Q: 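Sharing a structure below in structure tokens format, with a few things to ask.
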Amino acid sequence: MRSLRFALAAASLIASTAFASPTAPTSGVEYITLAQPQPAQTVGKKVEVIEFFMYHCPACNALEPSLAAWLKKQGDNVNFKRVHMPMQGANDPEAHLYLTLEAMGKLEEMHPKVFRAFHIERQRLNRDDAIIEWVAKNGVDKAKFLEYWNSFGVLSKLRRTQQVLNAYKVDSVPTLIVDGRYMTSPSVVGAAVKGSTNANVAQSTFQVMDALVAKVQKEKGLAPAAKK
């Protein structure tokens with residue numbers, strides 16, 4: 001957590017001497033420029049955006065509706081990915097669940113249901129057996145799920161997840177990365193934009209994200225797609 005605390009302290013210090021604006025964000029204030037940028041996957045003219053999250057995280061759950069609305073608005077401007085932080089290490093059950101649903105092509109259907117299970121239904125899906133029982137009760141073929149759950153592809157991705165977090169220096173969620181270079185989060189934006197309330201931190205966060213996507217498009221000479 002040291003790097004995030006340092007980043008937040010730096011953001012707070014700079015914000016105290018500079019005018020913070022989520023629509024015109026500044027590195028070190030509303031976002032952080034990574035010292036070691038990571039390769040971004042190019043898909044046509046889309047800007048890569050990664051969300052690091054965890055299913056049991058209340059802040060991730062709270063951000064989800066605003067994130068969904070932002071992605072819909074951005075449309076073909078972004079190539080969006082998620083990485084589930086492995087809270088329990090290399091065999092983290094939640095990260096394993098996410099990667100299995102992703103491999104099955106079931107994320108669109110099941111992703112909201114998993115959040116609901118944790119935060120509305122208060123289910124404790126933090127063990128392999130609890131997860132397998134839950135997916136079977138929620139319309140997923142158990143045998144097919146176990147086939148993917150135990151597959152080489154899913155297990156390999158699960159083992160590599162911690163390496164991905166280390167490369168991006170991510171140690172808290174939700175965290176958003178734009179083009180492998182720019183990091184922001186509701187915590188960073190909330191600390192920078194004085195007077196923000198819980199009700200408008202998400203809005204400010206995605207104003208920062210709009211600006212960062214536009215910044216990358218300008219830097220790379222990418223023509224913005226029409227927003228929805």
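Position 1 is the first residue of the sequence; numbering continues from there. Keep in mind that this is a model prediction, so the values were computed, not measured.
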Q: Under the salt bridge (Lys or Arg N to Asp or Glu O under 4.0 Å) rule, collect the residues that match up with K113, sequence neighbours excluded.
A: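 Result, salt bridge (Lys or Arg N to Asp or Glu O under 4.0 Å) vs K113: none returned.
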
Q: In Å and rounded to the nearest 0.5 Å, what is the CZ to CG distance from R160 to L165?
A: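 Going from CZ on R160 over to CG on L165, the span is 13.5 Å.
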
Q: Listed by chain and number, what are the salt bridge (Lys or Arg N to Asp or Glu O under 4.0 Å) partners of R127, not counting sequence neighbours?
A: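 Result, salt bridge (Lys or Arg N to Asp or Glu O under 4.0 Å) vs R127: D129.
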
Q: Checking the side chain of T161 only, and the main-chain atoms of H84 only, is there a donor and an acceptor separated by less than 3.5 Å?
A: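 No, the answer is negative, given that no donor and acceptor are paired below the 3.5 Å cut-off.
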
Q: Show your working on side chain to side chain contact (heavy atoms under 4.5 Å, CB included) between M110 and N138 and close with a plain yes or no.
A: CA-CA 9 Å; M110 298 300 296; N138 281 269; 4.0 Å; yes

Q: May I ask you to test the H96-L155 pair for a side-chain heavy-atom distance under 4.5 Å?
A: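 Answer yes - side chains close enough.
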
Q: Compute the ring centroids of Y55 and H111, then answer whether they are less than 6.0 Å apart.
A: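 Under 6.0 Å, so yes.
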
Q: Could you work out, with salt bridge (Lys or Arg N to Asp or Glu O under 4.0 Å) as the rule, every residue matching E102, not counting sequence neighbours?
A: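 Salt bridge (Lys or Arg N to Asp or Glu O under 4.0 Å) check on E102 returns K157.
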
Q: Kindly say whether K81 contributes a backbone atom to a donor-acceptor pair with the side chain of E51 at under 3.5 angstrom?
A: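 No, because the side chain of E51 does not come within donor-acceptor range (under 3.5 Å) of the backbone of K81.
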
Q: Hey, is K220 close enough to D179 for a salt bridge, meaning N to O under 4.0 Å?
A: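 Counted as a salt bridge, because a side-chain N and a carboxylate O are separated by less than 4.0 Å.
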
Q: Does D92 use its side chain to pair, donor to acceptor, with the backbone of A95 at less than 3.5 Å?
A: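 Judged by distance alone, yes, a pair lies under 3.5 Å.
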
Q: Taking side-chain hydrogen bond (donor to acceptor under 3.5 Å, both in side chains) as the definition, give me every residue that meets it alongside H119, ordered by chain and number, with sequence neighbours left out.
A: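 If we apply the side-chain hydrogen bond (donor to acceptor under 3.5 Å, both in side chains) test to H119, skipping adjacent residues, there are no hits.
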
Q: Can you pull the ring pair (Phe, Tyr, Trp, His ring centres under 6.0 Å) pairs that have at least one residue in residues 123-148, sequence neighbours excluded?
A: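 Passing the test, one end in residues 123-148: F145-W149.
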
Q: Return the NE2 to CG distance between H56 and N61, rounded to the nearest 0.5 Å.
A: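 Interatomic distance, H56 NE2 to N61 CG, rounded to 0.5 Å: 11.5 Å.
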
Q: Suppose the criterion is salt bridge (Lys or Arg N to Asp or Glu O under 4.0 Å): which pairs have a residue in residues 56-71, not counting sequence neighbours?
A: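 For residues 56-71, and leaving out neighbouring residues, the salt bridge (Lys or Arg N to Asp or Glu O under 4.0 Å) pairs sorted by first residue read E64-R82.
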
Q: Answer whether the closest heavy-atom distance between the side chains of L34 and Y168 falls below 4.5 Å.
A: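 Contact flag for L34/Y168 side chains = yes.
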
Q: Calculate, to the nearest 0.5 Å, the distance between atoms SG and CZ belonging to C60 and F115 respectively.
A: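 Rounded to the nearest 0.5 Å, the SG-CZ separation comes to 6.0 Å.
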
Q: When you compare the side chains of N126 and Q88, does any donor N or O come within less than 3.5 Å of an acceptor on the partner?
A: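 No.
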
Q: Looking at side-chain heavy atoms only, is the closest gap between P174 and P186 below 4.5 Å?
A: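 Yes, their side chains come closer than 4.5 Å.
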
Q: Can you find a pair of side-chain heavy atoms, one from I50 and one from F80, that are under 4.5 Å apart?
A: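 They are not in side-chain contact.
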
Q: What pairs with E133 under side-chain hydrogen bond (donor to acceptor under 3.5 Å, both in side chains), at least two apart in sequence or on another chain?
A: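 Residues passing side-chain hydrogen bond (donor to acceptor under 3.5 Å, both in side chains) with E133: K137.
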
Q: Is there a side chain to side chain contact (heavy atoms under 4.5 Å, CB included) between T175 and T184? Walk through the geometry before answering.
A: CA-CA 6 Å; T175 292; T184 192; over 6 Å; no

Q: Once rounded to the nearest 0.5 Å, what's the spacing between atom OG1 of T205 and atom CG of L63?
A: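 That separation rounds to 6.5 Å.
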
Q: Would you mind reporting whether V178 and M209 have side-chain heavy atoms less than 4.5 Å apart?
A: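 Touching, per the 4.5 Å side-chain cut-off.
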
Q: Please identify each residue that fulfils side-chain contact (heavy atoms from CB on, under 4.5 Å) with S66, with sequence neighbours left out.
A: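 Counting only residues at least two positions away or on another chain, S66 forms a side-chain contact (heavy atoms from CB on, under 4.5 Å) with A202, F206.
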
Q: Quick check: do V49 and I177 have side-chain heavy atoms less than 4.5 Å from each other?
A: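 Answer no - side chains too far apart.
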
Q: Rounded to the nearest 0.5 Å, what separation is found between the CD atom of E30 and the OG atom of S21?
A: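 OG of S21 is found 6.5 Å from CD of E30.
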
Q: Would you please test L146 and T100 for side chain to side chain contact (heavy atoms under 4.5 Å, CB included) and show each step?
A: CA-CA 9 Å; L146 287 172; T100 303; over 6 Å; no

Q: Measuring from atom CG of N200 to atom CD of Q207, what distance do you get when rounded to the nearest 0.5 angstrom?
A: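 Spacing of CG (N200) from CD (Q207) equals 8.5 Å.
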
Q: Provide the full list of salt bridge (Lys or Arg N to Asp or Glu O under 4.0 Å) pairs with a residue in residues 146-155, sequence neighbours left out, each pair given once.
A: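 Qualifying pairs: K144-E147.
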
Q: Quick one: does Y98's side chain get under 4.5 Å of L107's, heavy atoms only?
A: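 When only atoms from C-beta onward are counted, L107 and Y98 do touch, with a gap below 4.5 Å.
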
Q: I'd like to check the side-chain contact (heavy atoms from CB on, under 4.5 Å) partners of P224; sequence neighbours left out, ordered by chain and number.
A: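 Only N77, Q217 meet the side-chain contact (heavy atoms from CB on, under 4.5 Å) criterion with P224.
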
Q: With side-chain contact (heavy atoms from CB on, under 4.5 Å) as the test, pick out the partner of R181 among Q36, E219, Q38.
A: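 That would be E219; it is the only one of Q36, E219, Q38 passing the side-chain contact (heavy atoms from CB on, under 4.5 Å) with R181.
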
Q: For residues N91 and D128, determine if any side-chain heavy atom of one lies less than 4.5 Å from a side-chain heavy atom of the other.
A: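 They are not in side-chain contact.
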
Q: Going through the distances and angles, do Y182 and V216 end up as a side chain to side chain contact (heavy atoms under 4.5 Å, CB included)?
A: CA-CA 10 Å; Y182 306 124; V216 173; 3.8 Å; yes

Q: Spell out, as yes or no, whether a donor-acceptor pair under 3.5 Å connects the side chain of S185 to the backbone of V188.
A: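 Yes, the answer is positive, given that a donor and an acceptor are paired below the 3.5 Å cut-off.
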
Q: The criterion is side-chain hydrogen bond (donor to acceptor under 3.5 Å, both in side chains); which residues satisfy it with N79, sequence neighbours excluded?
A: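 side-chain hydrogen bond (donor to acceptor under 3.5 Å, both in side chains) check on N79 returns nothing, list empty.
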
Q: Taking side-chain hydrogen bond (donor to acceptor under 3.5 Å, both in side chains) as the test, write out the residues that go with N166, two or more places apart.
A: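 Per chain and number, N166 pairs via side-chain hydrogen bond (donor to acceptor under 3.5 Å, both in side chains) with Q162.
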
